[in-house]
Amino acid sequence: MSQDPPRYIALVAVPRPLHTLLSYALPDGEQPVAGTRVLVPFGSQHSVGLVIRVQATPPNDTDSPFTLKPVEAILDVTPLPDAHLLKLLQWAAGYYHHPVGEVLFSALPIALRKPKPLSNRLQKLLLAHAAVTSPLADTHALQLTAEQQQCLHSIEQWNTQTPRRPILLHGITGSGKTEIYLRLIAPLFAAGKQVLIIVPEIGLTPQLLLRFARFFGDAPMACLHSALSDGDRLKAWLQARSGMAQIIIGTRSAIFTPAPNLALIVIDEEHDASLKQQEGFRYHARDLAIKRAQMLDIPIVMGTATPALESLYNAQTKRFHYVRLNQRPGTTRKPDLQLQDTRPFELQAGLTPQSLIAIRDTLARGEQAMVFLNRRGFAPALYCPSCGWQANCEHCSAKMTWHARRNKLICHHCSTEQPTPLRCPQCQNPKLTTQGQGTERLELTLQSHYPDAVVVRIDRDSTSRKGELDAKLATVRSNDPLILVGTQMLAKGHDFPNLTLVIILDIDQSLLSTDYRALERLGQLLVQVAGRAGRADKAGRVILQTSQPDHPMLHQLVGHGYTPFAQQLLEDRKRWHFPPFGYQALIRASSTASMEKALQFLEHVSQLLVSATGTDLQRLGPIPALLEKRANRYRAQLLLGSQQRAALHAALQQLLQQSAKLPGRSGVRWSIDVDPIDFS
DNA sequence: AGCACGCCGACT
DNA sequence: GTCGGCGTGCTC
């Protein structure tokens with residue numbers, strides 16, 4: 001049974017952790033375009049794959065070790081990621097050393113993993129679109145201030161120059177960055193172009209969305225975020241891909257949305273850590289956005305009140321254009337920021353006497369106060385005062401947090417829940433005690449301290465039900481005097497005009513952290529939270545409670561502001577050859593068996609890298625991770641550093657090529673994190 | 001990631 | 001004697 005050799009073969013990426021493409025024979029006469037999905041046989045089963053390339057079979061192809069299996073079905077007529085996205089994604093797979101098929105499919109809506117053609121869905125969408133006409137409903141345009149006009153003018157100028165550079169828009173909270181975005185987008189919108197806007201977390205930026213909706217009227221907007229159903233996500237994605245959604249707003253993964261007429265990318269809050277994916281394909285949406293804009297030769301604008309040190313450095317070295325907005329329209333005074341030493345006082349509700357007085361006065365003036373504490377739950381520890389027993393998570397090397405409302409112990413690392421023990425499991429003592437405090441306790445104690453005041457708590461626990469967050473935000477926006485208690489969730493994207501006092505608790509841990517990025521993040525968080533105070537025409541006051549009021553970096557931040565603070569941190573980074581003065585990758589390993597197993601594996605990785613590269617690759621570790629055990633896995637890490645990006649990437653390439661032979665790899669899960677930002 | 005293949009303990 | 005444990009290795 002001899003067969004003619006296939007004329008063409010397809011190189012296909014499947015959504016599995018394979019670092020290679022697989023070759024399949026194509027039926028006679030078929031030449032699918034790169035980016036179309038195919039159904040292929042895969043081991044004993046079938047898989048959807050993406051065609052990356054189609055090649056003619058070499059005429060006398062005798063050295064091929066395989067008899068190629070045939071492509072079973074071609075699922076699409078047009079490519080899903082277009083040629084440009086395909087190129088970007090392949091580049092990203094190489095840069096982040098992540099399996100190419102997983103990278104490609106992580107950029108597609110989940111619904112497209114099923115081997116179903118999408119032709120009919122498209123048809124429906126396009127028919128729906130035919131009825132909509134959407135004039136620019138610019139009835140809510142505000143007059144720009146002189147500073148904003150100057151800023152806009154600079155950006156427009158830069159966007160006519162070649163070669164292009166990314167633009168860093170460093171504007172203090174309330175300075176009107178959104179107004180600048182809108183003015184940049186408007187002419188593109190009118191010209192039928194598309195714009196991609198990446199935001200940290202869409203549920204938390206309702207005001208930005210509202211502003212866009214007002215500005216662009218009923219223009220078709222595609223929103224892509226984690227709360228969407230698979231169907232809605234596919235719909236938004238198709239609308240963007242068809243070009244009919246001109247405004248595309250989304251979180252991190254929206255950076256992969258196809259947009260044939262893309263003319264501008266905006267990254268809002270470019271410093272935000274949520275732009276970096278923290279598992280699987282660990283990409284940074286800002287960095288990929290810069291790459292995408294560069295490949296398309298379109299402008300990219302990154303806005304923030306607290307630039308990432310990397311971005312600030314890029315601005316200083318002229319890789320980025322840099323423009324500032326220093327004024328808050330309608331406000332004359334900057335918030336008054338003060339450090340408060342907690343050590344001399346016995347704290348009540350975690351607050352110093354001065355803080356308590358400040359809250360009382362604020363309420364008396366009919367204004368709002370916010371107490372920021374980045375810790376959920378009632379208390380971060382439950383222990384027995386008589387024998388010293390403590391409620392630890394049995395799956396993690398961590399204490400369990402006590403939640404009063406649900407009367408449960410919850411591990412914030414693995415989400416394990418346990419009923420609160422009635423007596424000490426060790427000595428039967430019926431009186432267990434909590435230690436420390438979270439937002440839940442803060443809410444309670446503030447309420448009893450100010451019995452007549454309304455206390456609103458906003459954190460993940462108090463807003464998990466649908467509509468709950470909106471209701472709470474509406475209460476706050478009614479501008480009645482109240483006390484707002486909350487975590488991270490309050491730090492970004494909200495505008496509370498009657499909020500004039502912000503108290504920030506418990507920052508001491510960040511000041512002592514071994515993570516070299518902890519101070520940068522603390523600085524960003526403090527400035528962002530402080531930016532909530534004193535909007536509209538009311539002066540704001542920010543109180544920073546700490547047991548280390550003499551910390552030099554805190555003084556730098558409070559005394560001179562974010563930029564000199566960041567500059568100081570950059571100088572430290574330079575001394576240590578840390579990013580952006582060097583390049584890093586973190587190898588993580590975990591084992592259910594023991595810490596030793598994870599460490600030993602990384603020791604072998606380390607040795608492989610030395611013998612394979614022999615370069616001046618710096619190695620820090622292997623060391624146990626900050627959280628040594630999580631969800632029953634012992635975790636260790638090895639930090640790699642180099643002054644040459646190419647050397648680091650060559651080393652990672654070597655590691656991947658030889659990883660199958662590494663001793664001690666059985667029972668160990670491991671991963672590569674390029675440009676790590678979180679060392680937990 | 002799945003899945004099959006393969007070599008060691010307690011059961012119809 | 002077999003059912004099945006998950007260690008190992010492969011997927012064109």
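All values reported here derive from a predicted model rather than from experimental measurement. Values below: all heavy atoms of this structure, side chains included; hydrogens, waters and symmetry mates excluded. To find a chain, count down the sequence lines: A is the first, B the second, and so on, and within it residues start at 1.
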F281(A) CZ - dA1(B) P separation (whole Å): 16 Å
Atom-to-atom span, CG of L22(A) to C1' of dT11(C) - whole angstrom: 7 Å
For L11(A) and dT11(C), what is the distance between atoms CG and C1' respectively, to the nearest whole Å? 15 Å
Any side-chain donor paired with an acceptor under 3.5 Å for R633(A) and T592(A)? no
Touch class at under 4.0 angstrom, heavy-atom based, for F42(A) against every strand present: base
What contact category does P41(A) fall into here, base, sugar-phosphate, or nothing, at under 4.0 angstrom with non-hydrogen atoms? sugar-phosphate
Please tell me if S666(A) has a side-chain N or O lying less than 4.0 Å from either OP1 or OP2 of dT8(C). yes
If you apply the rule salt bridge (charged side-chain N to carboxylate O under 4.0 Å, His left out), what do you find for D673(A) with K276(A), and how did you get there? CA-CA 11 Å; D673(A) 187 351; K276(A) 171 109 198 218; 2.7 Å; yes
So is K408(A) actually on top of W402(A)'s ring, under 6.0 Å and inside 45° of the axis? no
Does OP1 or OP2 of dC3(B) have a side-chain N or O of Q45(A) closer than 4.0 Å? yes
Would you check if there is a donor-acceptor pair between the side chains of H97(A) and H649(A) at a distance under 3.5 Å? yes
I need the CH2-P distance between W670(A) and dA1(B), as an integer number of Å. 12 Å
Could you work out which one of dT8(C), dC3(B), dA1(B) sits closest to the side chain of R16(A)? dA1(B)
Check the distance between dT11(C)'s P and L68(A)'s CG and give it to me in whole angstrom. 13 Å
Please classify the nucleic acid contact of R665(A) as base, sugar-phosphate, or nothing, using heavy-atom distances under 4.0 Å. sugar-phosphate
Can you tell me the distance, in whole Å, between the CZ atom of R669(A) and the P atom of dG2(B)? 13 Å
Just by distance, with hydrogens left out, do E394(A) and T416(A) show a side-chain donor and acceptor under 3.5 Å apart? no
What is the distance, to the nearest angstrom, from the NZ atom on K661(A) to the C1' atom on dT8(C)? 16 Å
When we call it a touch if two heavy atoms are under 4.0 Å apart, what does L18(A) touch: a base, just sugar-phosphate, or nothing? base
For the pair made of NE2 in H19(A) and P in dC12(C), what is the distance, rounded to whole Å? 18 Å
